[in-house]
Amino acid sequence: MTNHFRTKGNAWALIPLFIFIFTFLGAGIWLNDFYAFPSPVAVILGIIAAFLLYKTSTDTKVETLIAGCGESKIMTMCLIYLLAGAFAVVSKAMGGVDAVVSLGINNIDVAYFPLGIFLIAAFLSTATGTSVGAIVAIGPIAVSLATSSGASLPLIAGALLGGSMLGDNLSMISDTTIAATQSLGTDLKDKFKINLFIAFPAAIITILLFFYLGLNSDITAVPIAKTDFEWIAIVPYILVIVLALVGVNVFSTLVIGTIVAGIIGLYGNQFTVMEFTQKIYEGFTSMTEIFLLSMLSGGLAAMVDKAGGIDYILHQIKRRIKSKKSAQMGIGTLVGLTNLAIANNTVSIVITGTIAKEINDEYDLNPKKTAAILDIFSCVVQGILPYGAQVLLILSFANGKLDFFDLIGNAFYHLFLLVFTILAIYAGFWDKLVHRYFKI
């Protein structure tokens, strides 16, 4: 092992980071909404605290801040966010989201609503890179289907939550994937392969469970109004997934996907050329918060690191790590606890990414697997938080007909994903299988 831990660090240097976290957390608790207080403003407060507390010259602190904000991985992450936002907004505007939902609903038997909702949510969140977007698109329809058909609302809601988090975790254009891969310096497609090797068994078991429940359901079929849609509207989503899987550069993938979605929208008269450009810009601005958060967090992390804060965290973690397996579990636990505190999986990865990279290098771990673990643990925790956006949205759509414990009790995919992730960490045969089939 190479030794990257330089000193025991300085615990006091972490104060600005804690100011950022507790400002974000405190505002969420106080306002009863963890998304009301802008996270970039919370980071700014942490940066101000760093300027006031650290003893180096102002010029040095400014230089460190700017260097951290402009670090190549941070800038790469931010540019990918912009392109992902453009693709998501343009694809939705040309009817892609409606087409995916209609395709599923038009072909689902009532007894298999939970299975269908799980599959639709998984595909949509994988294609668009957002669990929240999938829940917003499908949630009202899912609740309405449960009410009109007599199907179990908790089961359908749990399927929606699980499917949306599956796609969020696997998608190559999601915030969490981008943050995890850029933090660890690894390729999106390689992280996807390893992530899939963990998530696929969990998804298959979930699908079989929903199929079994549907097979033994005694729900009476009810007529459902079918909606028209254009198959071509789904093409950009499939194209982006295929291009990413075959190894096309993520920048090229997103640009091509956006252009194809734009051409389809122009051909179908969903928007004009000028409106197409406006949708692209709307996609850019939809990523403003995460763009600024990532950039400013990079600057704050650089200042905390220079003052010895990162070294202190690493030293404390290192004391508890006994092997590569415990190092991987430590990374998962760290990002999970961070997510528990701030209820945002992307922000949690951004905050802990630097530390995960240090641990990864110190213990000579596989960065692709580390990126997958980082992403999975953040998504698992995010998906079960009673104050997380995904859970809150589903409960709001249910309008009092569903409580938190009924929802989580039916979110089977989360449990299976956690089990298979722990198995992937501690079972020696798992790495051998990955190397055999993926050569990574």
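Because the structure is a prediction, the values reported are computed rather than measured. The chain is numbered in sequence order, starting from 1.
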Checklist entry - Quick check: are there more than 12 heavy atoms from other residues, nucleotides or ligands sitting under 6.0 Å from NZ of Lys357? => result yes

Next on the checklist: Tell me if the OH atom of Tyr281 is crowded by more than 12 foreign heavy atoms within 6.0 Å.
Outcome noted: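 It does not: Tyr281 OH has 12 such atoms or fewer within range.
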
Under the side-chain contact (heavy atoms from CB on, under 4.5 Å) rule, collect the residues that match up with [X], sequence neighbours excluded.
| X | result |
| --- | --- |
| Ala327 | Ile321, Ile359, Tyr363, Leu365 |
| Ile207 | Leu115, Phe118, Leu119 |
| Leu208 | Ile204 |
| Thr23 | Ile19, Phe37, Ala42, Leu45 |

Checklist entry - For Met94, which of Leu266, Ile264, Ile263 qualifies under side-chain contact (heavy atoms from CB on, under 4.5 Å)? => result Ile264

Next on the checklist: Just to verify, what does Trp30 make a ring pair (Phe, Tyr, Trp, His ring centres under 6.0 Å) with, not counting sequence neighbours?
Outcome noted: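 Ring pair (Phe, Tyr, Trp, His ring centres under 6.0 Å) list for Trp30, sorted by chain: empty.
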
Item to check | Set of residues satisfying ring pair (Phe, Tyr, Trp, His ring centres under 6.0 Å) with respect to Phe276, sequence neighbours excluded | outcome: Phe271

Taking only residues two or more places apart in sequence or in another chain, which ones pass side chain to side chain donor-acceptor pair (under 3.5 Å) with [X]?
| X | answer |
| --- | --- |
| Thr370 | Asn360 |
| Ser174 | Thr176, Thr177 |
| Ser131 | Asp168, Gln390 |

Any heavy-atom pair between the side chains of [Y] and [X] that's under 4.5 Å?
| X | Y | result |
| --- | --- | --- |
| Tyr426 | Gln328 | no |
| Leu83 | Thr258 | no |
| Asp175 | Met287 | yes |
| Leu213 | Pro114 | no |
| Val335 | Ile351 | no |
| Ile117 | Phe210 | no |

Item to check | Pairs satisfying ring pair (Phe, Tyr, Trp, His ring centres under 6.0 Å), at least one member in residues 235-264, at least two apart | outcome: Phe87-Tyr237

Next on the checklist: Under the salt bridge (charged side-chain N to carboxylate O under 4.0 Å, His left out) definition, can you give me all pairs with a residue in residues 278-287, not counting sequence neighbours?
Outcome noted: Lys279-Glu282

Next on the checklist: Determine whether Leu160 and Ile394 satisfy the following criterion, side-chain contact (heavy atoms from CB on, under 4.5 Å), listing intermediate values before the conclusion.
Outcome noted: CA-CA 8 Å; Leu160 174 58; Ile394 292 176; 4.1 Å; yes

Taking every non-hydrogen atom, the tightest pair across [X] and [Y]:
| X | Y | value |
| --- | --- | --- |
| Leu296 | Cys69 | CA-SG, 4.2 Å |
| Ala233 | Gly95 | CB-O, 3.8 Å |
| Val90 | Gly262 | CG1-N, 3.8 Å |
| Ala99 | Ile234 | CB-CG1, 3.9 Å |
| Gly167 | Ser125 | CA-OG, 3.0 Å |
| Ser183 | Ile349 | OG-O, 4.2 Å |

Checklist entry - Taking atom CG of Leu293 and atom OG1 of Thr346, what is their separation to the nearest 0.5 Å? => result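 Output value for this atom pair is 8.5 Å.
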
Checklist entry - If you measure from CG on Asn195 to OG1 on Thr181, what distance do you get to the nearest 0.5 Å? => result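 With rounding to 0.5 Å, CG (Asn195) is 11.0 Å from OG1 (Thr181).
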
Pairs under 3.5 angstrom only: tabulate donor-acceptor contacts from the side chains of residues 406-415 to other protein residues two or more places apart or in another chain.
residue	atom	partner	partner atom	Å
Asn410	ND2	Asp406	O	2.7

Item to check | Side-chain donor/acceptor of Ser91 to backbone N/O of Ala88, under 3.5 Å | outcome: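 Side chain of Ser91 to backbone of Ala88, a donor-acceptor pair under 3.5 Å: no, none is there.
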
Next on the checklist: Run Asn366 and Ile194 through side-chain contact (heavy atoms from CB on, under 4.5 Å) and show every step you take.
Outcome noted: CA-CA 10 Å; Asn366 182 341; Ile194 287 183; 3.8 Å; yes

Next on the checklist: Would Phe113 and Leu155 count as a side-chain contact (heavy atoms from CB on, under 4.5 Å) here? Give the steps.
Outcome noted: CA-CA 9 Å; Phe113 274 164; Leu155 197 58; over 6 Å; no

Next on the checklist: Parallel, tilted or perpendicular, judged at 30° and 60°: which one describes the rings of Phe18 and Phe22?
Outcome noted: tilted

Checklist entry - Which is it for Ile256 and Leu243 under the side-chain contact (heavy atoms from CB on, under 4.5 Å) test, yes or no, and what are the steps along the way? => result CA-CA 9 Å; Ile256 292 170; Leu243 289 176; 3.9 Å; yes

Checklist entry - Would you call Lys191-Asp187 a salt bridge at under 4.0 Å N-O? => result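 Salt bridge: no.
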
Next on the checklist: Any donor-acceptor pair under 3.5 Å linking the side-chain atoms of Asn345 with those of Ser378?
Outcome noted: no

